[in-house]
Amino acid sequence: MPFLRSLNPLQLKAATHGDGPLLVLAGAGSGKTKVLTSRIAHLVINKKVQPGGILAVTFTNKAAAEIKERLQALIGKSTGEMCLGTFHTAGLRILQEEAKQAVKKGKLTIFDDEEQLLLVRLIMSELSLDEKDVPSKMILYEINLAKNNNTGVEEYRAASDDSLSRTTAAVYSVYQKKLKSMNAVDFGDLISEPIRLLQSNPAILDKYGSRYRYILVDEYQDTNISQYTLTRLLASRHGNLCVVGDPDQSIYGWRGASLKNILNFREDYPGAVVIKLEQNYRSTKNILSAANSVIRNNSERLDKTLWTGNHHGEAVHYEECLNEYQEARFVVNRTRKLMSEDASIKYRDFVVLYRTNTQSRTFEELFFEEGIPYNIIGGFKFFDRREIKDTLSYLKAIVNPDDSLNFLRIINVPPRGIGKAAIEKVHSISRDFDLSLYESFRKAVNDRAFSRGGGVADFMETFEAMRSESSEMPIHEFTSRLLIRTGYLAFWDAKKTEDVDERLKNLDGLVASIKNYEVNHPRSTIADYLNLVALMSDADGFNEKHNKVTLMTIHSAKGLEFPYVFLTGLEEGLFPHKRSIEEETVEEERRLCYVGMTRAGRQLFLLSAKNRSSGKETNLQVRSRFIEEIDAEYLKKNELEPKGTAEEHMEKIRRLLNS
């Protein structure tokens, strides 16, 4: 087949592998997406596997969309028959199909980070737990980590041996009960609940084990225990599991990813074939050699050496700046210099990478002043804006009125004169009769606990009418009608604040985005659209067609590539992060550095600052150990002080850590 002839010998071997487990060690820029796409096409075209018998899992919707687009060119519309998406998408599909066993009834609501935190704080208030004693964010982190480790409430409680874990266990128990009562799930549940179904019901396990004859998992090095368990269960019948990954790019240990999943693959699946893709098609020899010289300092890795047939290119440039403002100035000046030297270079060819989101501010300010267009990924996102969250809460409550959290959010937005006393009265009904807030409000109105024509009665009348109309018109038309009918649009239109025009434009933008979604998904429901929004990640906001410089964290850049990369903030305590130094997880920080370096195709710039502001303080910085780990022949240094030996620099780092 033509698509197979374009592969190199090792890529071809991976794409045409027969049955049984397969581990593809795919280095950065080695064409793993091409291999995954070719393997799926080979299964369908040459092995006559039905598309519905294939499960392909990626880590971002963007990656899934790229694979789907390529597959459509190869196998046509039958691509839509296969399960292709993220782990969370696959888990949601199982939950929806097995709704009677998995949830109480009706449509699921997927809680985002903000909704999770609100629920934790509500529970802490009910349990009389003080935020000052145990921060709600810390408890939520522990709950999410438990779910990523496939640890249920009782198992977590049994292992609780300190104050934090015991408090978390108490909150975790109530948290799960409230999610169930609201017919809601969080991201962890999208994996752990399907696991529970498969483990507790042999018939369901046999159903999905028989359905998915071939399973492919991308970025396997970043799977957590729950994702590993789900994959193992689904592959238990046929054993045709192909995983693609690179231990050198495992960067999510802090949220539960287990590097052992890929390191131990051959032990988990005896007889597994291992194929190494070591030819890099993206980077110059100097960039690749510099990255290799950094990552070889790690001990937890599988033997693999990337090489490239590309030209040597420019040496990696290291610039030591006086402070973060000079760092940003260097990026601006070098971007303009390169563009002036070559008219074919565009703003979209550049990316600024940093370890933490707080580092973006200086670049944003200078780019704005200099008139350089930029797009920031992972900052304050469109769907996080108040007016958008409010509108989505209306839609969530209409789709799933048992979702008391979102119902409570909209009950008095815009203000309807529904005071604290009314809310307390309804909460009392909810507790006494074991009803959701929606059911409690409806009962209160029916029992005439509130006067007719009052705020509560009027709202419930409007809400019931909107629920009836929700399936009678296109989603975007319904959303426009909802904004008018509930008074939400008039609420903002009447305000005199400076940002009102922007908020109204954002609401128009939301309706436009829904309309665009309907064009591409003509038979979708409101619930389908809400699920799409809930499952979006930072990387999904990146659009390579926009001619703007991209600003993003290194974590968000995973899977992307750019001709010109500025890797900034290479200082001890910042990168590697001080937390990794304290917790002795520097190897993951080194892998993160390797990921950042290998995003670059033509030229790589490494930057650090001698002084960096933190609040009102300015701190003296020591350049990162990762700079010293790069072989001198691949690196051009521009330092503010005479160069010392690598040993002398490491001694400075040790003194800094001990001070």
Side-chain angles (χ1 to χ4, degrees), residues 60-62 282 317 319 321-385 388 498-499 501-503 505-506 509-510 512-513 536-571 574-575 592-593 595-609 612-613:
T60 65
N61 294 308
K62 182 177 176 58
R282 176 188 303 156
H317 182 111
E319 186 78 13
C321 305
L322 181 63
N323 52 40
E324 66 265 31
Y325 301 102
Q326 191 183 80
E327 183 183 47
R329 174 57 64 185
F330 176 87
V331 171
V332 168
N333 291 346
R334 188 53 59 102
T335 298
R336 284 183 167 157
K337 180 176 185 294
L338 288 166
M339 292 181 70
S340 68
E341 294 171 348
D342 185 346
S344 69
I345 299 175
K346 307 297 182 185
Y347 284 121
R348 62 172 170 263
D349 295 329
F350 298 89
V351 65
V352 180
L353 301 179
Y354 34 77
R355 179 63 180 81
T356 64
N357 277 310
T358 56
Q359 293 170 249
S360 70
R361 181 183 59 82
T362 311
F363 296 102
E364 290 184 78
E365 289 176 354
L366 189 57
F367 279 24
F368 180 78
E369 289 175 12
E370 297 289 333
I372 294 178
Y374 68 90
N375 183 30
I376 183 164
I377 305 298
F380 190 60
K381 299 183 284 293
F382 176 77
F383 288 100
D384 288 337
R385 299 178 187 278
I388 304 302
E498 293 181 359
D499 62 351
D501 287 340
E502 182 183 356
R503 292 185 187 276
K505 286 179 182 177
N506 287 337
L510 176 64
S513 78
M536 287 177 65
S537 66
D538 287 348
D540 297 326
F542 172 70
N543 188 334
E544 62 273 8
K545 294 179 182 178
H546 292 169
N547 190 23
K548 299 178 181 180
V549 178
T550 301
L551 277 65
M552 66 200 318
T553 65
I554 311 168
H555 283 99
S556 297
K558 182 76 173 295
L560 302 178
E561 58 183 82
F562 299 85
Y564 302 95
V565 171
F566 296 97
L567 187 53
T568 66
L570 278 156
E571 300 138 35
L574 182 56
F575 194 24
L592 188 60
C593 182
V595 166
M597 295 175 74
T598 53
R599 298 311 93 199
R602 297 181 204 165
Q603 207 162 348
L604 172 63
F605 301 92
L606 308 176
L607 292 91
S608 70
R612 188 172 293 274
S613 300

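Taken from SG in Cys321 to CD in Gln326, the straight-line distance is 5.0 Å, to the nearest 0.5 Å. Here the CD1-NZ distance, from Ile372 to Lys548, works out to 13.5 Å after rounding to the nearest 0.5 Å. Taking OH from Tyr354 and CG from Leu570, the interatomic distance works out to 14.5 Å, rounded to the nearest 0.5 Å. Distance check: Asn357 CG to Ser556 OG gives 7.0 Å after rounding to the nearest 0.5 Å. Between the OG1 atom of Thr60 and the NZ atom of Lys558 there is a distance of 10.0 Å, given to the nearest 0.5 Å. We find the CG-CG distance between Asn375 and Leu551 to be 8.5 Å, quoted to the nearest 0.5 Å.
In this structure Arg355 satisfies the salt bridge (Lys or Arg N to Asp or Glu O under 4.0 Å) test together with Glu589, sequence neighbours excluded. Partners of Asp349 by side chain to side chain donor-acceptor pair (under 3.5 Å), not counting sequence neighbours: none found. For Tyr325, the side-chain contact (heavy atoms from CB on, under 4.5 Å) test picks out Asn323, Arg361, Thr362, with sequence neighbours left out. Considering only residues two or more places apart in sequence or on other chains, Lys337 meets the side-chain contact (heavy atoms from CB on, under 4.5 Å) condition with Arg334, Glu341. Looking at residues two or more places apart in sequence or on another chain, you find no salt bridge (Lys or Arg N to Asp or Glu O under 4.0 Å) involving Glu364. Taking the ring pair (Phe, Tyr, Trp, His ring centres under 6.0 Å) definition, one finds that Phe363 meets it with nothing, sequence neighbours left out. Remark: Gln603 pairs with no residue by the side chain to side chain donor-acceptor pair (under 3.5 Å) rule, at least two apart or across chains. Under the rule for a side-chain contact (heavy atoms from CB on, under 4.5 Å), the partners of Thr356 that lie at least two apart in sequence or sit in another chain are Thr358, Gln359, Leu574, His577. The salt bridge (Lys or Arg N to Asp or Glu O under 4.0 Å) search around Glu319 returns none, not counting sequence neighbours. Checked against salt bridge (Lys or Arg N to Asp or Glu O under 4.0 Å), Arg348 has no partners two or more places apart in sequence or in another chain.
Residue pairs meeting the salt bridge (Lys or Arg N to Asp or Glu O under 4.0 Å) criterion with at least one member in residues 366-376, sequence neighbours excluded: Arg329-Glu370, Arg336-Glu370. Evaluation of the ring pair (Phe, Tyr, Trp, His ring centres under 6.0 Å) test over residues 546-568, restricted to residues two or more places apart or in two chains, returns Tyr252-His555, Trp254-His555, Phe350-Tyr564, Phe542-Phe562, Phe566-Phe605.
The two atoms that bring Glu324 and Ala609 nearest to each other are N-CB, 4.0 Å, heavy atoms only. The two residues Leu366 and Val332 come nearest to each other via the heavy atoms CD2-CG2, 3.6 Å.
The side-chain heavy atoms of Pro373 and Asn547, taken from C-beta on, include no pair separated by under 4.5 Å.
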